[in-house]
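Report on the structure given below.
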Protein chains: 2
Amino acid sequence: MDAVFKALADPNRRALLDQLHLQNGQTLHQLCRHLLMTRQGITKHLGLLVKADLVVPLWRGREKLHYLNPAPLKQISELWIDKHKAACLRALTDLTKGLDALKPEPN
Amino acid sequence: MDAVFKALADPNRRALLDQLHLQNGQTLHQLCRHLLMTRQGITKHLGLLVKADLVVPLWRGREKLHYLNPAPLKQISELWIDKHKAACLRALTDLTKGLDALKPEPN
DNA sequence: GCGATATGCAACCAACTGGTTGCATATTTG
DNA sequence: CAAATATGCAACCAGTTGGTTGCATATCGC
């Protein structure tokens with residue numbers, strides 16, 4: 001869970017996910033073409049994505065294919081985002097109540 | 001957008017959001033009681049949350065109240081998570097296809 | 001007004017991050 | 001087998017991050 005948030009924190013890694021979203025199952029060298037960085041740098045980013053289980057690697061001969069795994073994103077969305085979305089109205093009313101409490105001196 | 005992902009990357013900041021979710025509009029000192037860290041440390045974390053617009057501060061006298069703003073989370077959920085969730089089935093079939101392609105030698 | 005309370009700001013530090021270079025290993029191809 | 005291709009691993013380096021300490025400022029209560 002923490003690994004997923006950390007993995008999503010970097011724009012390069014999000015770009016990698018986007019790239020895989022565009023064409024799934026790309027090899028490391030294919031992914032390198034879209035991101036200006038050394039191959040080893042990309043390997044590190046992919047390592048974090050794999051550790052967060054957002055990407056699943058698959059060896060085919062000397063090539064390593066990378067596939068998206070949408071499960072963690074779904075989980076985060078459900079466990080975290082929706083929880084706060086549900087409190088949307090409450091939060092807004094809280095805030096406006098706070099603002100009202102600020103000005104009880106209209107004299 | 002990037003600021004939101006970065007802000008969510010730290011467990012302490014997520015804990016702060018959780019705490020505010022539990023009781024909205026808490027003051028800095030109130031938030032300090034739930035997280036073992038110096039007040040200044042928490043101030044820094046809150047600063048990032050405010051910069052990401054996930055938290056809105058509100059001064060009342062010498063106290064600074066902190067309110068949740070659910071808008072950025074909603075936006076992320078819609079713009080990012082759902083995009084990948086939509087590709088859920090496709091991603092899975094891609095992966096299983098990749099797995100199948102691995103073993104075309106059953107002889 | 002004065003002490004206590006609530007917060008801000010800046011400097012500093014260790015640890016982590018993002019990225020590189022260099023070299024090793026495995027697989028494919030001719 | 002040898003050359004080329006695809007990848008891994010480790011060391012290193014600069015910049016950022018997470019957290020601290022120290023001191024300044026503003027507001028409340030007596």
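Just so it is clear, the model here is predicted, and its values are computed rather than measured. Lettering follows sequence order; numbering is per chain, from 1.
Relative to the axis of its first five pairs, the axis of the last five pairs of the helix from C:dG1-D:dC30 to C:dG30-D:dC1 sits at 30°, rounded to 10 degrees.
In this structure, B:His34 contributes its side chain and B:Cys32 its backbone to no donor-acceptor pair below 3.5 Å.
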The test is side chain to side chain contact (heavy atoms under 4.5 Å, CB included); show your working for A:Trp59 and A:Glu63 and say whether it passes.
CA-CA 6 Å; A:Trp59 281 96; A:Glu63 290 179 325; 6.0 Å; no
One pair to check against side chain to side chain contact (heavy atoms under 4.5 Å, CB included): B:Asn12 and B:Leu35. What are the steps and the verdict?
CA-CA 8 Å; B:Asn12 289 316; B:Leu35 208 35; 3.8 Å; yes
Apply the test side chain to side chain contact (heavy atoms under 4.5 Å, CB included) to residues B:Lys64 and B:His66: give CA-CA distance (whole Å), side-chain angles for both, the deciding distance (0.1 Å), then the verdict.
CA-CA 7 Å; B:Lys64 194 183 196 179; B:His66 297 84; 3.9 Å; yes
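Pairing each heavy atom of A:Tyr67 with each of A:Leu58, the nearest pair is CE1-CD2, 3.8 Å. Nearest heavy-atom pair, A:Asn24 versus A:Leu68, reported as atom, atom and distance to 0.1 Å: OD1-N, 3.0 Å. When all heavy atoms are compared, the tightest approach of B:Pro72 to B:Ala52 is CG-O, 3.9 Å. Between A:Ile42 and A:Leu31, the shortest heavy-atom contact is CD1-O, 4.1 Å. B:Leu49 and B:Ala7 get closest at one heavy-atom pair: CD2-CB, 4.1 Å. Scanning both residues, B:Leu8 and B:Arg14, for their nearest heavy atoms gives O-NH1, 2.7 Å.
Using a cutoff of 4.0 Å between basic side-chain nitrogens and carboxylate oxygens, B:Asp2 and B:Lys6 are scored as salt-bridged.
Between B:Thr38 and D:dT20 there is a side-chain polar atom (N or O) within less than 4.0 angstrom of OP1 or OP2. For the pair A:His45 and C:dT17, the criterion of a side-chain N or O lying under 4.0 Å from OP1 or OP2 is not met.
In this structure, NZ of B:Lys51 is placed 9 Å from P of D:dT17, rounded to the nearest angstrom. Taking atom CG on B:Asn12 and atom C1' on D:dT20, their separation rounds to 14 Å, with Å as the unit. Atom-to-atom, CZ of A:Arg60 to P of D:dA6 comes out at 12 Å; the value is rounded to the nearest Å.
Listed by residue number, there are no residues of residues 1-10 of chain A with a heavy-atom contact under 4.0 Å to DNA chain D.
For B:Gln30, the side-chain contact (heavy atoms from CB on, under 4.5 Å) partners two or more places apart in sequence, or in a different chain, are B:Gln23, B:Gln26, B:Thr27, B:Arg33.
Residue pairs meeting the side chain to side chain donor-acceptor pair (under 3.5 Å) criterion with at least one partner in residues 41-58 of chain A, sequence neighbours excluded, are A:Arg13-A:His45, A:Asp53-A:Asn69.
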Dump the pairs, protein N or O against N or O of nucleotides 11-14 of chain D, anything under 3.5 Å, distances to one decimal.
none

Atom pairs under 3.5 Å, N or O on each side, protein against nucleotides 4-8 of chain C: can you list them with distances?
from  : atom 1 : to      : atom 2 : distance (Å)
C:dT5 : O2     : B:Arg62 : NH1    : 2.9
C:dT7 : OP1    : B:Thr27 : OG1    : 2.2
C:dT7 : OP1    : B:Leu28 : N      : 3.3
C:dT7 : OP1    : B:Lys64 : N      : 3.0
C:dT7 : OP2    : B:Thr27 : OG1    : 3.2
C:dT7 : OP2    : B:His29 : N      : 2.9
C:dT7 : OP2    : B:His29 : ND1    : 2.9
C:dT7 : O4     : B:Arg39 : NH2    : 3.2
C:dG8 : OP1    : B:Lys64 : NZ     : 2.5
C:dG8 : N7     : B:Arg39 : NH1    : 2.9
C:dG8 : O6     : B:Arg39 : NH2    : 2.8

